[in-house]
Chemist: 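Handing you a structure now.
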Amino acid sequence: MVALFMLLLRFLGSTALSLFGYLGELLFLMLETARSFVTMPVRWRLALGQILEVGYRSQLVVIVTGAFTGAVFAAQTYFQFHRLSMDTAVGAVVAVSMFRELGPVLTGLMVAGRVGAAMSAEIGTMKVTEQLDALRSLGVHPVDYLVVPRMIAMMLSMPMLVAECVGIGILTGMFVAVHLLGVSQVWYVNYMLRFTALRDLEMALTKGFVFGLLIVFVACNEGLKSKEGAVGVGRATTEAVVIGSLVILVINFFLTMVLNVFFPTT
Amino acid sequence: MLAVAGLTKQIGDQQILRGIDLQVASGETLVIIGRSGSGKSVLLKHLIGLMLPSSGEVFIEGRQIVGLKERQLLPIRKTVGMMFQGCALFDAMTVEENVAFPLREAGERNAGVIRAKVAEALEVVDLTGHEQKLPVNLSGGMKKRVALARVVITRPHCVLYDEPTAGLDPVVSDSINHLIRRLQRQFGVTSIVVTHDMKCAGHVADKVAFLHEGAIYFYGAFADLVASQDPLIQDFIQGRSGDKD
Ligand SMILES: Nc1ncnc2c1ncn2[C@@H]1O[C@H](COP(=O)(O)OP(=O)(O)O)[C@@H](O)[C@H]1O
Ligand SMILES: [Mg+2]
């Protein structure tokens, strides 16, 4: 019994240690990147290329996600609210949920899958083929060259992708409610506008911004530390997606609690 | 110019380098030979601070680099070029972009100047006409030559070559040996050449160091190495494994 307890304690201890170790790694990378961003010349050409890659090319994924989430959420809400004869409130619920939770979180998860994986695979491959050593041997810091442009791209792209996801979601939600389920369009829009405000958009954009940073640092960190050839790169890619997604879900809760102080609901 | 003193490196429980002392004078060419796995590549990486020693000191142009931060090392590394064993070409860039990379990083912005210098460097390694190819579409020998062009384009004071001729046909090997020699003669480039190609060693060496199990087993002139009666050295030179059929 005591032995079992000790075993459990040791397990918890080592888990906590590796968690703190991991957080330390991430923090170190963030500080190094922030320092580089402030003190070193930024490679804008690379940043632009990354914006094209993560922002522009992620749109299809984000649009489809937003559209079907908005649609299904409007339908489901309608089915519940209809019994209470609150059909016209569907718009408000859909819009607020899309802005505050669904839009940012789903966009974050999709981008973590698409972009986080690509980033960690690319940087990880460069690591195991000594391209990072080659960069360093040519006097170029990998953080300046690889991480900063990706961070800039994510900081700019993620809020826009979130906005796009939310906008599409609200539109398809309205289409489903009004045209398929027969809710009055005037009242739908009326209630939606009454219960949403600029604050909701601000919350969505703030979350998008934070999630973008989380994705880029988790992915770059996994890539930079990957080892052991192709297997290592594969593992780094998986971890980038899994850890990135989990971190988004966990941080989202705390963000919601904190941001509600700054951007309270109407 | 380049020196290491008491260099040791341990990774896990493997002792890779066991106390290495070496000095390379300015303009000199040192050839490091040794069996595969004897620690040659690891030693080279220590010389420009890509790996940190477990103990010992490394000097570049009289400056101790062990203990410097990565950001302090970056400008120092620009004076020392390194050609990696696996070439380490940037696979997202064309041949031309790879070779131009160090120039751009050195602050050259004039497209005409860059193009001219790249063309010149590619001409030297006989790769004119392959500018737009990606590294994946090059043969092993071509990759080596692109890597060489990328290293020498900024005229570093010192170049470290990790097996520059391994896996190349004899003709290309010979031209690379001549190139190493010419860089040394014309521009006074200090060179360290890691190889297990005895022909290459004989061609370019001022001094030879024979690395065995992480320590320097022999250091001296190439002629003395060849004349040595030591069985380990003779086996290496003759390529004898001691195995029987
Ligand atoms: N990053 C590393 N981690 C662990 N062991 C390494 C690492 N790099 C090299 N080694 C080991 O160090 C020894 C020397 O390797 P290396 O210097 O590459 O040999 P070579 O003389 O053929 O260039 C080998 O046993 C190799 O397995
Ligand atoms: Mg080697």
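Here is how names work: the chains are called A, B, and so on, in the same order as the sequence lines, proteins then strands, and each is numbered from 1.
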Chemist: Between B:Leu50 and chain A, with a heavy-atom cut-off of 4.5 Å, which part of the residue counts as in contact: side chain, backbone, both or neither?
Modeler: both
Chemist: What residue in A:Thr129, A:Asp133, A:Val143 has the most heavy-atom pairs under 4.5 Å with chain B?
Modeler: A:Asp133
Chemist: Tell me, side chain or backbone of B:Val151 under 4.5 Å from chain A's heavy atoms, or both, or neither?
Modeler: neither
Chemist: Indicate whether the side chain of B:Arg181 and that of B:Gln184 have a donor and an acceptor atom separated by less than 3.5 Å.
Modeler: yes
Chemist: Assess the residue pair B:Ser54 and B:Thr8 against the criterion (side chain to side chain donor-acceptor pair (under 3.5 Å)); give the C-alpha distance rounded to whole Å, side-chain angles, the decisive distance to 0.1 Å, and a yes or no.
Modeler: CA-CA 6 Å; B:Ser54 303; B:Thr8 70; 4.7 Å; no
Chemist: Could you have a look at A:Ser36, A:Ser137, A:Pro41 and say which one has the most heavy-atom pairs with chain B under 4.5 angstrom?
Modeler: A:Ser137
Chemist: Is there a side chain to side chain donor-acceptor pair (under 3.5 Å) between B:Ser41 and B:Gln85? Walk through the geometry before answering.
Modeler: CA-CA 8 Å; B:Ser41 298; B:Gln85 187 167 359; 2.8 Å; yes
Chemist: When heavy-atom pairs shorter than 4.5 Å are enumerated against chain B, which of A:Arg136, A:Met126, A:Glu130 gives the highest number?
Modeler: A:Arg136
Chemist: By a 4.5 Å heavy-atom criterion (distance strictly below it), what part of A:Leu132 contacts chain B: side chain, backbone, both, or neither?
Modeler: neither
Chemist: For residues B:Glu61 and B:His157, is any side-chain donor paired with an opposing acceptor at under 3.5 Å?
Modeler: yes
Chemist: Applying salt bridge (Lys or Arg N to Asp or Glu O under 4.0 Å), run through A:Glu53 and A:Arg150 and close with a yes or a no.
Modeler: CA-CA 10 Å; A:Glu53 188 56 44; A:Arg150 284 170 172 74; over 6 Å; no
Chemist: In Å, rounded to the nearest 0.5 Å, how long is the span from OH of A:Tyr145 to CG of A:Leu138?
Modeler: 10.5 Å
Chemist: By a 4.5 Å heavy-atom criterion (distance strictly below it), what part of B:Ile76 contacts chain A: side chain, backbone, both, or neither?
Modeler: neither
